[in-house]
Amino acid sequence: MKIAVPKEIKNHEYRIALTPTGVRELVERGHRVTVEQGAGDGSGFADAAYEAAGATLESDVEALWKNAELIVKVKEPQPDEVARLGAGQTLFTYLHLAAEEKLTRDLMASGATCIAYETITAPQGGLPLLAPMSTVAGRMAVQAGAHSLEKAQGGAGVLLPGVPGVAPARVTVIGGGVVGENAARMALGLGAEVTVLDKSIPRLETLDDRYQGRLHTVYSTADALEEAVRESDLIIGAVLVPGAAAPKLITRAMLADMKPGSVLVDVAIDQGGCFETSKATTHAEPTYVVDGVVHYCVANMPGAVARTSTQALTNATMPFIAALADKGWQRALAEDRHFMAGLNVHDGQVTHPAVASAFGLESVDPVSLTG
Ligand SMILES: NC(=O)C1=CN([C@@H]2O[C@H](COP(=O)(O)OP(=O)(O)OC[C@H]3O[C@@H](n4cnc5c(N)ncnc54)[C@H](O)[C@@H]3O)[C@@H](O)[C@H]2O)C=CC1
Ligand SMILES: CC(=O)C(=O)O
Ligand SMILES: [Mg+2]
């Protein structure tokens, strides 16, 4: 199969969808991989390394897209990229469509088959292609939050661990999944006082067991959220209802109860964000202040640590890319119902129920398309 790997064009996005190691795996299976010239630079993978792995380099981005059967990317396609996508092509990348009606409709209009990393499931539960980037983003969320608490960033001037004689900062993580656990782990490591809120009791049990009393776990209710808002120096939003837009858990009115200079990091921003006042920001200008509260809402956090992220992403996506390339999308999905859960749009139709319901569209059962 002819596979294209374009250079990512989202603001400050330095990842690439495949490492040279990943390219080699595909080339050895008999596939033709074309990589846009310079696409690996941001992750520290030179063109020469892709050539050595068996890829062809292409400097003409239009030709790269036009000649591909399968396009693998990292971020959701930007407008210029959607314009290059056509019927008969398969796009495999993060899409986050429930937060983006225009993108959903544009992808429907393209006629292409669009498979999202983030809605693929696993037999043991969880989201195997979201997890590696959630691990990165969860760990980064605490770095971003700690930095935002500094005075020069508009923060309250609070050091997460405190010092002897001065209490540590209070960190609340809403959603104790992959992002949430990794954020909690980092915050604990830095010596903060950490609480995780979740609606899943089994998840709270797992966290309680793993962290042996060092982590406070609280069932997420309106009361618990109000207390978190009053008491926390840093709140990290890490909830997910797979495929759906994030629920708004902290309203603008609630900001009035937060301490001046406290910080909200909304990792769930790629699904629309879980704070009412969140709007997506970029690494170029990651924060803004509303009612005295610093907001950090970068939708592609792992892009800033592209070297680590590209390797982690390729490790997770490789088996799926190989299956698409070896079998074609219909057979690859038909043989694996967890992979099938990744199909979001095909030939003008939405095939993921949560995406369809976000925009009042009809959802077509992907089983009917894969035979
Ligand atoms: N901004 C960025 O760069 C990145 C954002 N993300 C996003 O982070 C979010 C979290 O991802 P994961 O941790 O992998 O998901 P996950 O599925 O592992 O965890 C989500 C957790 O939220 C909990 N939850 C759901 N509704 C809740 C509610 N109303 N109150 C409290 N808890 C609730 C669930 O029980 C679950 O434990 C997703 O939106 C994901 O797309 C992930 C990676 C990078
Ligand atoms: C998951 C996601 O949106 C990212 O890694 O950028
Ligand atoms: Mg994102």
Side-chain angles (χ1 to χ4, degrees), residues 8 10-17 73-76 93-100 116-122 124-141 143-144 172-185 195-207 217-225 228 235-250 265-275 278-283 286 295-306 308-310 312-314 316-317 354:
E8 293 297 315
K10 191 169 173 138
N11 181 287
H12 283 266
E13 180 53 71
Y14 301 105
R15 286 171 287 180
I16 175 171
K73 270 181 51 60
V74 180
K75 290 310 297 181
E76 70 280 357
T93 189
Y94 288 117
L95 289 173
H96 304 294
L97 292 184
E100 287 283 355
Y117 293 158
E118 75 276 3
T119 60
I120 293 172
T121 54
Q124 68 276 21
L127 303 166
L129 299 202
L130 184 61
M133 295 304 97
S134 291
T135 303
V136 171
R139 293 179 181 199
M140 282 182 74
Q143 292 181 187
T172 300
V173 182
I174 311 176
V178 180
V179 167
E181 180 174 3
N182 280 282
R185 186 176 145 175
T195 303
V196 172
L197 270 51
D198 204 298
K199 283 237 176 258
S200 158
I201 290 174
R203 190 60 197 157
L204 293 175
E205 283 170 352
T206 300
L207 294 173
T217 58
V218 174
Y219 187 71
S220 188
T221 58
D223 277 348
L225 286 166
I235 299 181
I236 296 172
V239 300
L240 176 64
V241 179
K248 303 287 179 218
L249 300 175
I250 295 184
V265 173
D266 199 345
V267 185
I269 189 66
D270 55 359
Q271 294 291 144
C274 60
F275 310 133
S278 295
K279 58 179 188 331
T281 58
T282 65
H283 287 292
H295 291 55
Y296 175 102
C297 305
V298 176
N300 60 332
M301 295 172 71
V305 289
T308 303
S309 299
T310 289
L313 183 62
T314 299
T317 54

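Just so we're clear, the structure is a prediction, and the values are computed from it rather than from any experiment. All ligand and atom numbering here is 1-based and tracks the order in the structure.
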Residue pair Glu181 / Thr206, side-chain heavy-atom distance below 4.5 Å:
no
Mode of Val298 contact toward ligand 1 - side chain, backbone, both, neither (heavy atoms, under 4.0 Å):
backbone
Close approach, His96 and ligand 2, non-hydrogen under 4.0 angstrom:
yes
With a heavy-atom distance limit of 4.0 Å, tell me whether Ser220 approaches ligand 1 through its side chain, its backbone, both, or neither.
side chain
Could you tell me whether ligand 2 has any atom less than 4.0 Å away from a heavy atom of Lys75?
yes
Among Gly272, Ala144, Gly177, closest by heavy atom to atom 16 (P) of ligand 1 is Gly177
Per-atom contacts of ligand 2 with Asp270, taking only distances under 4.0 Å to non-hydrogen atoms
1 (C), 2 (C), 3 (O)
Atom indices of ligand 2, in the order listed, that fall short of 4.0 Å to a heavy atom of Met133:
5 (O)
Considering the heavy atoms of Ser200, write down every atom of ligand 1 situated less than 4.0 Å from one of them.
35 (O)
Compute the shortest N/O to N/O distance between Arg15 and ligand 2 and return yes if it is under 3.5 Å, no if not.
yes
Is the closest heavy atom of Ala299 to ligand 2 under 4.0 Å?
yes
Could you say whether the N/O atoms of Asn300 and ligand 2 ever approach to under 3.5 Å?
no
Contact partition for Ala246 relative to ligand 1, non-hydrogen atoms under 4.0 Å
neither
Do the rings of His96 and Tyr94 sit parallel, tilted or perpendicular, given the 30° and 60° boundaries?
parallel
